[in-house]
Structure formats: C-alpha cells, structure tokens
Amino acid sequence: MIISDLHPWNLAPRDAAALQRQLAAQVVVKDHLPPEVRQVAGVDVSYKKHGKMFFAAVSVLSFPDLEPLSRATAQGLSEFPYIPGLLSFRELPIVLEAFRRLPQAPDVILVDGQGIAHPRRLGLASHLGLWLGVPTIGCAKSRLCGEHPAPGKDKGDAVPLRDGEDTLGTVLTTRTGTRPLYVSPGHLIDQRRAVEITLACCRRYRQPEPTRSAHLLSNELRRAAADLPS
DNA sequence: GCGACAG
DNA sequence: ATCTTGTCGC
C-alpha cells in the first residue's frame, strides 16, 4: 500500500480546517473505479468512553457476492478531540495503520462517515481516499451539513443532499422502514456510482455489509482489550 | 448571542 | 462514539 504526501495530525483546530480546504481541492469526484469491481472494503473505528485507546478494523469482501476475503486491525492512542468537521484528524491515523497491514488495496472503500458532504468538502472518507489513492465512499448514519426533504420509506428511495447550489450527496434508504444513510463521494468516484455500490452492499441491515463487518470487528477488538476478568 | 453538530 | 437490560414490535 503506497502512502503519499504525509502531513502532521497534531494540528490546532484552525490549522486542521485550513488543511482541509487545501486538500479538498485535490479530491476527484469522477468515476475511477476499475472496469470490474471485485473487492469492497469497509472501515470503522471504536474506542472507550473517556479514553484515548482506539481500535480500527478493515474488512474486505468480494463483490458483488460479499463473501469475506481479508481483514486487518490496528490499535493506538489519539489525543485529538472529537470536533464536528474534524473527525479525520482523530480517527485517520489509526485507520491508516490498519490499511498498511492489508496485503492488497481493495477496489473501493466504504467509510462510516462523510465523503464530500462536509463543511469544507473533506469528510473522513475523502481524506482517506486522498491518502491511499483509492476510491472511497462516505456512508454516514447521520447528517453533518446540507439540507434535504425526507426520502421514501422503501429500500432504494433517495433524495439529494444539497447545500445551496452544491449537491453534496444522496440521502438513501438502505433498508425498508429504517432511517436513511447519508451517501456521498469520498474520492475517485461520482455520485451515481457511490449510491450504486452502496446499495449493492446492503442486504438485511441498514448498514452496508463492509462497514457493518468492520464495525463488529472493531468492537471485538475493544472488548478483548478491555475485559480481562470474568 | 443562539442553534447545529459525522464518530 | 460510549455507558447499559430489558423489551416492544415486525
């Protein structure tokens, strides 16, 4: 896995925001997925209530059958606090460590967070995509910015997420009867493909299989590192 | 000043 | 995100 253009993570909030504006200009919102998508990865991070211990997990599934192919994990500390809009400075370092442990880069990555549906157009998914040079999709469970009408109740129903003249993403119902997901391009992919891939990864749960799998794995890590007695 | 606010 | 048990509903 090749990483390029490293930059510090211990920045003051103001500097982090300035860096985001700089990086956002490099985000590519065009379809650069390979002709045949065969590997889809999901990534998620878990940690303790007031602790600094983080647990990242990456789960790679085959596409479109969604069978387990490989996985990688990493754990470490983080000093950066949670500040809406600056999530990547808190979680990306440990996520990148997990990706370094993957034998091979997947064709596309689903992230539990926003892509360009961000105040400065650089959510966690976009930031990760830039670092890895791999197509990414933001699949957030709630809204960070932008406005939209309520989408339909059935799986596949969708409405655009907008901010003035900009279309930031798609508010997509991924499972009938559940709250929608906020899908937006991360990097190297366009709106249409982002929704297409995400929907193809949804089976019987609101969360796409890749991120759902990573979520379960990161939770196992946290629990294993936590409770010793029984 | 007030409300909003990914994970 | 995390702290937490059972419980109402499809």
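Naming: A, B, ... by sequence-line order, numbering from 1 per chain.
- In this structure, the CD atom of A/Gln20 is 14 Å from the P atom of B/dA6, given to the nearest Å.
- Listed pair A/Ser142 / B/dG7 meets the phosphate criterion, a side-chain N or O lying under 4.0 Å from OP1 or OP2.
- The residues A/Arg121 and A/Asp166 are annotated as salt-bridged, a charged nitrogen and a carboxylate oxygen being separated by less than 4.0 angstrom.
- Atom CZ of A/Arg206 has more than 12 heavy atoms from other residues, nucleotides or ligands within 6.0 Å.
- Counting any heavy atom pair closer than 4.0 Å across all strands shown, A/Gly138 reaches no nucleic acid atom.
- By the stacking rule of 5.5 Å between ring centres and under 30° between planes, A/Tyr82 stacks on the base of B/dG7.
- Dense packing is recorded around CZ of A/Arg203, with more than 12 heavy atoms of other residues, nucleotides or ligands lying under 6.0 Å away.
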## Note on the structure
Each base of DNA chain C marked ( ) or [ ] if paired in-strand (Watson-Crick or G-U under 3.5 Å), | if paired to another strand and . if unpaired gives ..........
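- We find that CZ of A/Arg90 is positioned 12 Å from C1' of B/dA6, with the value rounded to whole Å.
- Between A/Arg143 and the phosphate of B/dC5, there is a side-chain N or O to OP1/OP2 separation shorter than 4.0 Å.
- Distance A/Leu87 CG to B/dA6 P: 9 Å, rounded to the nearest Å.
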Give every donor-acceptor pair under 3.5 Å between a side-chain atom in residues 186-195 of chain A and any protein atom, sequence neighbours left out.
from	atom 1	to	atom 2	distance (Å)
A/His187	ND1	A/Val28	N	2.9
A/Asp190	OD1	A/Arg192	N	3.3
A/Asp190	OD1	A/Arg193	N	2.8
A/Gln191	OE1	A/Thr170	N	3.4
A/Gln191	OE1	A/Thr170	OG1	2.7
A/Arg192	NH2	A/Glu196	OE1	3.1
A/Arg193	NE	A/Asp31	OD2	3.0
A/Arg193	NH1	A/Glu196	OE2	2.4

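- Rounding to whole angstrom units, CD of residue A/Gln207 and C1' of B/dA6 are separated by 12 Å.
- Rounded to whole angstrom, the span from the CZ atom of A/Phe55 across to the C1' atom of B/dG7 amounts to 16 Å.
- Ring geometry for A/Trp131 versus A/Trp9: interplanar angle under 30°, hence parallel rather than tilted (30 to 60°).
- As rounded to whole Å, 15 Å separates atom C1' of B/dA6 from atom CG of A/Asp163.
- Taking CG from A/Asp154 and OG1 from A/Thr176, the interatomic distance works out to 5.0 Å, rounded to the nearest 0.5 Å.
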### Message
What verdict does the side-chain contact (heavy atoms from CB on, under 4.5 Å) test give for A/Gln114 and A/Tyr182, after you've listed the backbone C-alpha separation in whole Å, the side-chain angles of each residue and the deciding distance to 0.1 Å?
### Response
CA-CA 7 Å; A/Gln114 312 290 353; A/Tyr182 291 74; 4.0 Å; yes
Could you run down the sub-3.5 Å N/O contacts of the protein with nucleotides 1-8 of chain C?
from	atom 1	to	atom 2	distance (Å)
C/dA1	OP2	A/Lys141	NZ	3.0
C/dA1	O4'	A/Tyr47	OH	3.3
C/dT2	OP1	A/Arg222	NE	3.1

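- For the pair A/Asp112 and A/Lys141, the salt-bridge criterion is met [side-chain N within less than 4.0 Å of a carboxylate O].
- Per the geometry, CD belonging to A/Glu147 stands 12 Å off C1' belonging to B/dA4, to the nearest Å.
- Looking at heavy-atom distances under 4.0 Å, A/Leu86 makes contact with a base.
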### Trace of the side-chain contact (heavy atoms from CB on, under 4.5 Å) decision for A/Ser88 with A/Leu124
CA-CA 5 Å; A/Ser88 62; A/Leu124 177 61; 3.8 Å; yes
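- Here the P atom of nucleotide B/dG7 and the CG atom of A/Leu92 are 16 Å apart, to the nearest Å.
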